[in-house]
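Working notes, structure below.
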Protein chains: 2
Amino acid sequence: MLKISDFARLGQVSMRTLRYYDEIGLLKPVQVDTLTGYRYYAVEQLTRLHRILDLKEMGFELAQIVQLLDEQVTPEQLRVVLQQRLAEVQQQILIEQERQARIEARLKQLVLDGQQTSYEVVLKRLKPQLVAASRTTAPSVTLQLRFARQMLQFLKDSGVKPGEHILLLTLDANGGEGEGSLVEVAIPVEGSSLGNIVERSGGHITIRELPAVTAATLLYRGDPYGLSEVYQSLATWIEAHGYAVAGPYRHLLLQYGDEPEGCLTEVQLPVERKEGGTSRLFFHSGRRPAGTESGEKRAGRSCLPPVASLKA
Amino acid sequence: MLKISDFARLGQVSMRTLRYYDEIGLLKPVQVDTLTGYRYYAVEQLTRLHRILDLKEMGFELAQIVQLLDEQVTPEQLRVVLQQRLAEVQQQILIEQERQARIEARLKQLVLDGQQTSYEVVLKRLKPQLVAASRTTAPSVTLQLRFARQMLQFLKDSGVKPGEHILLLTLDANGGEGEGSLVEVAIPVEGSSLGNIVERSGGHITIRELPAVTAATLLYRGDPYGLSEVYQSLATWIEAHGYAVAGPYRHLLLQYGDEPEGCLTEVQLPVERKEGGTSRLFFHSGRRPAGTESGEKRAGRSCLPPVASLKA
DNA sequence: CTTGACTTTCACACGACGGCAAAGTTTATC
DNA sequence: GATAAACTTTGCCGTCGTGTGAAAGTCAAG
């Protein structure tokens, strides 16, 4: 019979931990003095403690360990549970690697920028969004806005409840300005009672669902277009983080007035993981992509990837 | 002015989160109605929210984000903080990868073993341990134990307070049994008052510190030696987990009596990460078939340090 | 018997919220 | 203006695996 402190030393755990394990029924002492409450352990219980610690280091929660140890589990069931746990761990590793990439990118940006605080880029998952959409080639923001306001009014008159913000989708690649630009004005609407909008607008307005995407977003004040730094920042960011563009710009107009200073815009640039050689995973997973031999050296965890591969 | 739910939608966070951020002073609404307590946000505050989310995704704690945003931080300070965070993340990735390896190894073991529940192997970090040590070539456990008990008595007579367990270090590679085996009997002692033990024992006993090591350990009941399955299990385990032997076996005798059934032993096998071609990273990149090359399976003798290096 | 080492239970703390409830407020509709 | 629906507030409990005490009782040695 061992007292708790002895058992704790043998098992390399704290007394507090043992008491907790007792409390949750994970590891009960073989005997408890009914008068004093003293816990007495048997050396054999180290075996169980070992199993517990082993499972714990695999990242299982204590409640689950109780089940795994107390209900007799078939090897097949155990296999399933382990597989699940493995998937979670791998998921976690991906998250941490994202994190690593994010921090490294910011560090690099620090060196480059010096003072520039252009670091408001945020990665968001955008939900699918039902919108009333119409296209225009109006060459200036002002005109596009006027167009949008007409749409807004039309929707209200039609009994539809529109969201109060306006989305501009830049459907061609020259930044949304200039002669030939094609822009889709989209206004979020709710899924009910939009009956015959399409007909009533003579086909100008369609109802469609903007797909859910992951987007790099950036919030700024000023003229909704024309700030090349904005796009520059986004471009630098996605390049440094190993993303590629996966869709047209979305400009979410949060505030819009007559003068540029009154405008507040969130630029959303759909992105996806780049697959090519400059992927973060290549450098930080500690693994090699197919076709390379391992064993020549450890995949450099602490050394930075070659700058050239990250250059914009 | 935005109400909390609007602001929450724009920022893709929950109202609960916003209230919490208000509470901890991370993001306070520009205005709070003194009567109703209603929070009102300005659209500009999305910028700050963005920064918060960005830092949060890097894994910073909220308290630290408060500092980073409110105290004006020089780029240099920021760089240091980011570097620290990066190191932590990398550390975390290593831990998760350990976890991954552990689970994968167990899965593989499940397939191999079928029913065998030989999975009590646990990796431990052993602390450095001051011991009174003496060597013997006694060929059987019984004799070694007798030897150990003599030592124990001698230590007590000398006024030293010994630990109650006995450690047997197997200094050569044939499992601790047989004619030529050299075994070191080590008894943990406390660092005080061991004055002249060495002299009094005529040099037979030395005081030395067992080095701190990481060891694969396994607890079992029965004759302290002679269970080849025990060593087999350990060997299989370290092979599957990508470790290599880094020191001599330590047998920690937790219980010892006259008959084998009364013995409880923890076998501790110091290990270290293997660097070579069969590293875990290689192993889990999916290109190693389930079969294993058995050339170096029992790392045995070649990995043990020369006896001389164990002298104090 | 005293001292000191040991044990017990109780309780709070962490981090970043989620969930729920009760109560008060605004907005929309009749 | 009344009423209902939608919205907001505060507040308290729960998470998970302990760390860190405090206060009180217990055991082993001198």
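Sequence lines set the chain letters: A, B, ... in the order given, protein chains first and strands last, and positions in each chain run from 1. Nothing here was measured: the structure is a model prediction, and the numbers come from that model.
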Classify the side chain of B:Tyr20 and the base of C:dG15 as holding, or not holding, a donor-acceptor pair under 3.5 Å.
no
On the 0 to 90° scale, with breaks at 30° and 60°, tag the B:Tyr40-B:Tyr38 ring pair as parallel, tilted or perpendicular.
tilted
Is any side-chain N or O of B:Arg39 closer than 4.0 Å to OP1 or OP2 of D:dT9?
yes
Exam field: side chain B:Gln12 to backbone A:Arg125, donor-acceptor pair closer than 3.5 Å:
yes
Base, sugar-phosphate, or nothing for B:Leu35, non-hydrogen atoms under 4.0 angstrom?
nothing
Grab the CD1-C1' distance between A:Ile24 and D:dT15 for me, whole Å please.
14 Å
Distance check needed: C:dC17 C1' versus B:Tyr21 OH, whole Å only.
9 Å
A:Glu23 atom CD is separated from D:dC16 atom P, nearest whole Å, by 14 Å
Between D:dC27, D:dG17, D:dT9, which nucleotide gets closest to the side-chain atoms of B:Arg19?
D:dT9
What integer distance in Å separates B:Ile4:CD1 from C:dT25:P?
17 Å
For D:dT18, take OP1 and OP2 only and decide whether either is under 4.0 Å from a side-chain N or O of A:Lys56.
yes
Please check if the side chain of B:Lys28 supplies one atom and the backbone of B:Asp22 the other of a donor-acceptor pair under 3.5 Å.
yes
Do A:Tyr38 side-chain and D:dG25 base share a donor-acceptor contact under 3.5 Å?
yes
Give a yes/no on whether any side-chain N or O of A:Ser14 is located under 4.0 angstrom from OP1 or OP2 of D:dG19.
yes
Flag for A:Glu266-A:Gln268: side-chain donor and acceptor within less than 3.5 Å
yes
By nearest atom, which of the nucleotides D:dT18, C:dT7, D:dC7 is closest to the B:Ser5 side chain?
D:dC7
Measure CZ/A:Arg16 against P/C:dT7 and give the value in whole Å, please.
15 Å
Within the structure shown, what part of the strands sits under 4.0 Å from A:Tyr40 by heavy-atom distance: base, sugar-phosphate, or nothing?
nothing
Side chain of A:Glu61 - closest among D:dG17, C:dA16, D:dT8
D:dG17
Rounded to the Å, how far apart are A:Met15 CE and D:dT20 C1'?
12 Å
Which nucleotide wins on minimum distance to the side chain of A:Lys3, given the candidates D:dT20, D:dG17, D:dC27?
D:dC27
Which is it for A:Val189 and A:Val131 under the side-chain contact (heavy atoms from CB on, under 4.5 Å) test, yes or no, and what are the steps along the way?
CA-CA 5 Å; A:Val189 293; A:Val131 296; 5.6 Å; no
Phosphate OP1/OP2 of C:dG18 contacted by B:Thr17 side-chain N/O (<4.0 Å):
yes
To the nearest angstrom, the CG-P distance between B:Asp22 and D:dT9 comes to 9 Å
Whole-Å distance between D:dC7 P and B:Met1 CE?
21 Å
